[in-house]
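Report on one structure; see the data block that follows.
The chains referred to below are lettered A, B, ... by the order of the sequence lines, with proteins before strands, and numbering in each begins at 1. Because only heavy atoms are used, hydrogens play no part in the values below, and waters and symmetry mates are left out as well, while side chains stay in. Since the structure is predicted, the reported quantities are computational estimates derived from the model, not experimental observations.
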Amino acid sequence: MERTQIGDLRKHIGETVRIQGWLQTLRDQKKMQFLVVRDMSGLVQVVVEKAAMPDEAAVISGANVESVLTITGKVIDNPIVKLGGLEMQLESVRLDSKADAPLPLDPSAADLPAIDYRQDWRFLDLRRAENLLMFKVQTTVLMAMREFWVKDNFIEIQSPKLLGAPSESGAELFELPYFDRKAYLAQSPQFYKQMGMAAGFDGVFEIGPVFRADPSFTSRHMTEFTSVDMEMAYVESHEDVMAYQEKWLAYIIQRVKEAHGEEIKARFNADIEVPSLPFPRITMSEALAILKAEGYQVPPEKKGDIDPGGERVIGKYVKEKFNHDFVFLTDWPIAVRPFYHMRYADAPGITKSFDLLGKGLEITTGAQREHRYEMLAEQASEKGLNHEPIQFYLDFFKFGCPPHGGFGFGLSRFMMILLDIPNIRETVYLFRGPTRLNP
RNA sequence: GACUCCGUGGUGUAGCCCGGUUAGCAUGGAACCCUGUCGAGGUUAAGGUCGCCAGUUCAAAUCUGGUCGGAGUCGCCA
């Protein structure tokens, strides 16, 4: 008999079907057994009259909660049953995998253990309905991203994560032995996605891991995370990149709303709203003025940058003033931007760059890139960078490279703001941080 | 790297401020009971020398110092 999804049982009233899943609850009474069985699609109550089937009842009595069962039985419409108004009358049962008792972590318990403990038992934690939904949503997000790009003839790339030389700063690179020399884990696909521009791919994107050796202990940092990166050719300015990104994001959110909006509301109490276009844009000098007017003191050593507290204030300001969850902060001073960001011809102290804040959280950095070899080389020197390790990169711009721009986007940070989840460790399959390498 | 807070049975917590009887509660696990239960219910017993080390004291979960672990904020960023 084929397996029936529990969520589809309503279509099989009166039929005998086969379900497979976890024993979530067992109420073992003198004459009757009531079991709640869970699969990815839902929950169902299964009833057993002990006297009628003593062998089956014995198997069930010996199975602990979270054991995996295969059950056949007849689907009965029964409005008295609180769980979906239907139940299955058991005909046969097979114990496929017995769970030990007690469980270190009960996926259906009302109280949640601390996040550190849950990470130790992540596979059990992931059995929780919230987490299943989280990854269903993430799958939809990733698919929508690809759909949007593929429709626009973007090329998907996989750039190497093993690097031969520290490039940009080097401070946050993980170093590892590589045969008889050293290698480094990529902290960004930045240079390699720009190579796609020089390669004649008009648009490229990459969704893949990046590694940052930052000893950051916050609710929004990881040492390994999934970066969503894109680069597009023939832009006139960073405005073209922002205009693209906001359409892209609105499409993704639209797809999430269609596929999961109601369930997200029920499980996370988060409203999925498709953002209006265009997103508000605020230049950095405006942002600093707004913060001043709001009475927020940016630490003086920030030199034109904004600290996380300031970003939250800007996020709140934009919500109140424009009723918008997103805001582009544009035109950052060169001091706080990398050498490859293009600068304004008429204002060389300002880059044609942006950050995207979602609900006050930084989820993207983007810019038009400097594609003129001489300018780029000069800006690298100005930042005190040795040309030798980045010469392969500078070469991209020596033999014809279209003007271009792009962005990097934090997948898990986006999941945080989408589902109103305060800790990034909740939004990632397995968390990696300075003190977390297992499981 | 800096700072703040936390560390009590498997899990979540009360007690800590104002040291002093068997460290309380909930949940989970075990056994038994229970005309269909549904956050099931009932009874019983079990499970902790209060992260670790040292100190103060007649006496420390409680006060002090150190140490380890965790959470968070900042720096850095996605």
Between [X] and [Y] (salt bridge meaning N to carboxylate O under 4.0 Å), is one present in this structure?
| X | Y | value |
| --- | --- | --- |
| A:Lys352 | A:Asp331 | no |
| A:Lys193 | A:Glu156 | no |
| A:Lys316 | A:Glu294 | no |

Quick tally for nucleotides 10-16 of chain B: nucleotides whose base has a protein heavy atom under 4.0 Å get B, sugar-phosphate-only ones S, the rest -, giving SSS----

Expected string for nucleotides 39-46 of chain B under the B/S/- scheme (protein heavy atoms, under 4.0 Å, primed atoms plus P, OP1, OP2 as sugar-phosphate) is SB------

Please tabulate the protein-to-nucleotide N/O contacts below 3.5 Å involving nucleotides 3-9 of chain B, giving atom names and distances.
none

**Message:** Tell me if the side-chain of A:Gln45 makes a donor-acceptor pair with the base of B:U37, cut-off 3.5 Å, by modelled atom types.
**Reply:**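 Indeed, a donor on one side and an acceptor on the other fall under 3.5 Å apart.
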
**No-H, no-angle donor-acceptor pair, A:Ser216 side chain to B:C77 base, under 3.5 Å** =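 There is none.
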
Report task. Pick base, sugar-phosphate or nothing for A:Arg425, based on heavy-atom distances below 4.0 Å to the nucleic acid. Result ->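 A:Arg425: backbone/sugar contact only, no base atoms under 4.0 Å.
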
Looking at every strand, decide which applies to A:Leu105 at a 4.0 Å heavy-atom threshold: base, sugar-phosphate, or nothing.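 No contact.
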
Does OP1 or OP2 of [N] have a side-chain N or O of [X] closer than 4.0 Å?
| X | N | result |
| --- | --- | --- |
| A:Asn64 | B:G28 | no |
| A:Arg220 | B:G75 | no |
| A:Thr435 | B:G69 | no |

With ring pair (Phe, Tyr, Trp, His ring centres under 6.0 Å) as the rule and sequence neighbours excluded, what pairs involving residues 74-104 of chain A come up?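 Output for this query is empty, none listed.
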
Check your understanding: For RNA chain B, which consecutive runs of 3 or more Watson-Crick or G-U pairs (each distance under 3.5 Å) count as stems?
Key ->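 Correct response: B:1-7 with B:68-74, B:10-13 with B:24-27, B:30-33 with B:41-44, B:51-55 with B:63-67.
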
Enumerate donor-acceptor pairs with a distance under 3.5 Å from any side-chain N or O in residues 46-65 of chain A to protein atoms, sequence neighbours excluded.
from	atom 1	to	atom 2	distance (Å)
A:Lys50	NZ	A:Asp28	OD1	2.9
A:Lys50	NZ	A:Gln29	O	2.6
A:Ser61	OG	A:Asp28	OD2	2.8
A:Ser61	OG	A:Gln33	NE2	2.9
A:Ser61	OG	A:Ala57	O	3.1
A:Asn64	ND2	A:Ala99	O	2.9

